[in-house]
Amino acid sequence: VVSLPSSSLTAVEAFVLGAISKMVATVATYPLQLAQVLLRLQSKNDVDDFENDESSNEPNEDNGQSNKNTKAYKGMIDCLHQQFTQGGIRGLFQG
């Protein structure tokens with residue numbers, strides 16, 4: 001067992017270490033939060049589109065079918081991949 005010196009942190013050291021740890025946590029989790037928001041917006045738009053489609057079942061002009069079940073993202077990994085493909089590292093931290 002390795003024993004550490006029994007000195008305690010000063011208030012400034014504790015503040016700096018806390019700020020650094022928060023920065024690392026934010027950089028690590030922000031892309032996941034972005035993907036979560038995009039997937040939730042997609043789900044909400046699907047519900048809104050479904051409600052609108054029930055009231056007017058007009059076919060799509062392109063192929064004669066309605067616009068149901070057209071999702072931009074298949075899941076979290078696909079969402080992150082598309083964001084990275086479209087915008088690189090910056091794409092993962094937009095918004």
Side-chain angles (χ1 to χ4, degrees):
V1 177
V2 177
S3 63
L4 299 174
S6 61
S7 64
S8 61
L9 294 175
T10 66
V12 172
E13 290 171 333
F15 175 78
V16 169
L17 288 174
I20 290 171
S21 66
K22 175 61 177 165
M23 181 184 66
V24 170
T26 300
V27 168
T29 60
Y30 188 83
L32 299 174
Q33 292 175 352
L34 174 66
Q36 181 182 29
V37 168
L38 291 172
L39 288 168
R40 285 186 181 181
L41 284 173
Q42 172 179 277
S43 296
K44 181 184 180 326
N45 289 340
D46 286 347
V47 169
D48 291 344
D49 289 344
F50 179 75
E51 290 172 355
N52 291 337
D53 283 347
E54 282 186 339
S55 61
S56 66
N57 275 333
E58 297 178 13
N60 187 350
E61 295 177 6
D62 295 336
N63 57 9
Q65 297 181 2
S66 63
N67 290 330
K68 294 179 184 177
N69 298 327
T70 56
K71 292 189 174 188
Y73 309 110
K74 297 174 185 164
M76 184 164 293
I77 293 174
D78 181 53
C79 182
L80 291 170
H81 180 261
Q82 286 188 37
Q83 289 299 310
F84 181 76
T85 302
Q86 293 171 4
I89 294 293
R90 286 182 160 203
L92 295 175
F93 294 93
Q94 71 180 3

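These figures come from a predicted structure and were not determined experimentally.
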Which heavy atom of M76 sits nearest a heavy atom of L32, and at what distance?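 Nearest pair, atom of M76 first, then L32: SD-CD2, 3.9 Å.
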Pairs where residues 15-39 contributes a residue and the test side chain to side chain donor-acceptor pair (under 3.5 Å) is met, not counting sequence neighbours: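 Passing the test, one end in residues 15-39: no pairs.
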Please list all pairs meeting side chain to side chain donor-acceptor pair (under 3.5 Å) that have one or both residues in residues 73-84, counting only residues at least two apart or in different chains.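 Listed by first then second residue: Y73-Q83, D78-Q82, Q83-Q94.
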Transitive ILVMFWY side-chain link I20 to V12, under 4.5 Å: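 Yes, I20 connects to V12 through the hydrophobic network.
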Please determine whether residues L39 and F84 belong to a single hydrophobic cluster, defined as Ile, Leu, Val, Met, Phe, Trp and Tyr linked transitively by side-chain heavy-atom distances below 4.5 Å.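 Same cluster: L39 reaches F84 through Ile, Leu, Val, Met, Phe, Trp or Tyr contacts under 4.5 Å.
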Is there a donor-acceptor contact under 3.5 Å from the side chain of Q42 to the main chain of K71?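 Not confirmed, Q42 side chain does not pair with K71 backbone.
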Do L34 and L80 come close enough that some side-chain heavy atom pair is under 4.5 Å?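 Side chain of L34 against side chain of L80, heavy atoms only: no contact under 4.5 Å found.
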Suppose clustering is done on Ile, Leu, Val, Met, Phe, Trp and Tyr with side-chain heavy atoms closer than 4.5 Å. Which residues sit in the same group as L9?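 In the cluster with L9 are L17.
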With a cut-off of 6.0 Å (strictly less than), are more than 12 heavy atoms of other residues, nucleotides or ligands near CZ of F93?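 Result for CZ/F93: enclosed.
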